[in-house]
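The structure under discussion appears below in the form of structure tokens.
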Amino acid sequence: MTTYDLIFYLFALIILVSAFIVVAARNIIYSAFSLLFTFFGVAGIYVLLNADFIAVVQVIIYVGGILVLIIFGVMLTNKITEVEIKTESFQVLPSIIISGIIGGTLVAIFTKTNWKVAEPQILDKTVTEIGRFLVSHYMILFELAGIILLVALIGSVMIARKEKLETEEVEK
Amino acid sequence: MIPLKYYLILSAAFFSIGIIGVLTRRNAIIIFMCIELMLNAVNLTLVSFSSFFGDSSGQIFVFFVMAVAAAEAAVGLAIIIALFRNKLTINVDEVNIFKW
């Protein structure tokens, strides 16, 4: 077993254990913090797969953006003063069966298929290549991603803001 | 060298854990985190294919998946906050006004 293999198994262990904690933890804050380790583990696997740009983007967007947003959501929606952060689960057995079926199907497909692969190559200029693809071959998708982000921003502000009209009417 | 299959099996297991979370938890924010887990599992599959086939298009797909995930995070948390403001709960089984 080489060092490369050892690093892969280490990151795989980090991902699976912390993902399980996200699902199983009783306290929502523990879930949010173990999501952090999951994202870092996935970033480590990306580095192992020679996708350095995607690994950095993973850390910036997921850890720096989405996770902070989720923790804000936790803080805004839980009654912190009343310590009601605990959450429960239900329908455990049926959902384990369903996810076992789906996961088993995926594993069967992945292992039975004869993938025609080469060894993972070290692309020396990943960022250059991705940048060139983004402004040439995938340019319309790139613009569409910008529009989606703008629409989502406006929509979320519209959904989450307080409706002032109704409260004023109630006060009168 | 780790073969492609191991990466794919890792992402399948990761995805299944996300499915269990979406189906069992009651708290909308944890369901939301589990959706992020599933999106990450798919990203892992795309990156491993991209690396083993020597084609960087897969990494561009991952880039777009991340853009959509960021948009989804913003809209989803806005919905959760609006829900909490109106019903004072974010447990999904207590939000059943469409049920009759």
Side-chain angles (χ1 to χ4, degrees), chain A residues 4-5 8 12 15-16 19-20 22-23 28 31 35 38 42 45-46 49-51 54 57 61 65-66 69-70 73-74 76-77 87-92 95-96 98-99 102-103 106-107 110-111 115 117-121 123 126 129-130 133-134 138 141 145 148-149 152-153 155-156 159-160, chain B residues 1-10 12-21 23-27 29-30 32-34 36-37 40 43-44 47-48 50-54 56-57 59-60 62-64 66-75 77-82 84-85 90-91 93:
Chain A
Y4 190 94
D5 295 9
F8 171 78
I15 289 175
L16 292 181
F20 183 75
V22 171
V23 171
I28 191 169
S31 297
L35 198 63
T38 315
V42 174
I45 295 276
Y46 288 166
L49 283 165
N50 306 318
I54 291 297
V57 168
I61 292 184
I66 292 178
L69 213 59
I70 285 174
V74 173
L76 285 174
T77 54
T87 54
E88 309 148 55
S89 12
F90 60 140
Q91 295 167 351
V92 177
S95 62
I96 285 177
I98 290 171
S99 104
I102 295 175
L106 283 176
V107 169
F110 287 154
T111 50
W115 304 106
V117 294
E119 288 290 295
Q121 294 112 336
L123 308 164
T126 42
E129 204 171 336
I130 288 173
F133 262 126
L134 275 181
Y138 295 101
L141 284 177
I148 284 174
L149 286 172
L153 203 68
S156 57
I159 292 169
Chain B
M1 209 50 145
I2 304 282
L4 175 61
K5 274 175 194 168
Y6 287 18
Y7 290 102
L8 297 179
I9 290 170
L10 170 66
F14 192 19
F15 191 81
S16 313
I17 293 175
I19 292 173
I20 294 178
L23 292 178
T24 54
R25 300 311 296 261
R26 296 174 63 202
N27 191 312
I29 292 183
I30 294 185
F32 196 71
M33 291 182 203
C34 295
E36 298 293 338
L37 287 187
N40 260 285
N43 281 352
L44 191 59
V47 171
S48 48
S50 152
S51 174
F52 276 85
F53 292 143
S56 53
S57 295
Q59 300 187 16
I60 292 173
V62 172
F63 195 67
F64 289 127
M66 282 179 181
V68 173
E72 177 241 333
V75 175
L77 282 167
I79 290 173
I80 288 171
I81 287 170
F84 184 73
R85 186 173 287 143
I90 49 168
N91 288 341
D93 56 338

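Lettering of chains follows the sequences in order, A, B, ..., and the numbering in each one begins at 1.
- Taking OH of B/Tyr6 as the reference point, atom CZ of A/Phe8 lies at 8.5 Å (rounded to 0.5 Å).
- For A/Leu16, the parts lying under 4.5 angstrom from a heavy atom of chain B are both the backbone and the side chain.
- Heavy atoms only, all atoms of each residue included: B/Ile20 and A/Ile96 are closest at CD1-CG1, 4.2 Å.
- The part of B/Leu37 that comes within reach of chain A is its side chain, from C-beta onward, which places non-hydrogen atoms under 4.5 angstrom from that chain.
- Between the side chain of B/Ser51 and the main chain of A/Leu49, a donor-acceptor pair closer than 3.5 Å is present.
- Proximity to chain B (any heavy atom under 4.5 Å) is restricted, for A/Leu35, to the side chain, taken from C-beta onward.
- Listed here is the closest heavy atom pair of A/Val22 and B/Arg25: O-NH1, 4.0 Å.
- The most heavy-atom pairs under 4.5 Å with chain A, out of B/Ile79, B/Ile9, B/Leu44, come from B/Leu44.
- For the residue pair A/Leu149 and B/Ala67, the shortest heavy atom distance occurs at CD2-O, 3.6 Å.
- Here the closest heavy-atom approach between residue B/Phe63 and residue A/Ile54 is recorded as N-CD1, 4.4 Å.
- Annotation: maximal heavy-atom pairing with chain B below 4.5 Å, among A/Ala160, A/Ser99, A/Gly65, A/Gly155, occurs at A/Ser99.
- Ranked by heavy-atom pairs shorter than 4.5 Å toward chain A, the options B/Cys34, B/Ser48, B/Ala82 are led by B/Ser48.
- Between chain A and the options B/Pro3, B/Ala70, B/Ser57, heavy-atom pairs under 4.5 Å are most frequent for B/Ser57.
- A 6.0 Å sphere centred on CZ of A/Phe20 holds no more than 12 heavy atoms belonging to other residues, nucleotides or ligands.
- Minimum interatomic distance between B/Ala12 and A/Leu106 (heavy atoms only, all atoms of both residues): CB-CB, 3.9 Å.
- Two residues are said to be in side-chain contact when any heavy atoms from C-beta on lie closer than 4.5 Å; A/Val42 and B/Asn43 fail this criterion.
- Contact between A/Gln91 and B/Leu23 at its shortest, heavy atoms only, is OE1-O, 4.2 Å.
- To the nearest 0.5 Å, the span separating CD1 on A/Ile66 from CE on B/Met33 amounts to 12.0 Å.
- The choice from B/Phe32, B/Phe64, B/Phe14 that makes the most heavy-atom pairs within less than 4.5 Å of chain A is B/Phe64.
- Residue A/Leu153: no heavy atom, backbone or side chain, is found under 4.5 Å from chain B.
- The parts of A/Thr111 that come within reach of chain B are both its backbone and its side chain, each placing non-hydrogen atoms under 4.5 angstrom from that chain.
- A 4.5 Å side-chain heavy-atom check between A/Ile45 and B/Tyr7 finds at least one atom pair inside the cut-off.
- With values rounded to the nearest 0.5 angstrom, A/Ile159 atom CD1 is found 11.5 Å from B/Arg85 atom CZ.
- In this structure, chain A has heavy atoms under 4.5 Å from both the backbone and the side chain of B/Leu8.
- Note: A/Ile28 CD1 to B/Ile29 CD1 = 4.5 Å, rounded to the nearest 0.5 Å.
- When each of B/Leu10, B/Ile17, B/Asn40 is checked for a side chain to side chain contact (heavy atoms under 4.5 Å, CB included) with A/Ile15, only B/Leu10 meets the rule.
- Heavy atoms of B/Phe15 lying under 4.5 Å from chain A belong exclusively to its side chain.
- For A/Phe133, the parts lying near chain B are the backbone and the side chain together; criterion is any non-hydrogen pair under 4.5 Å.
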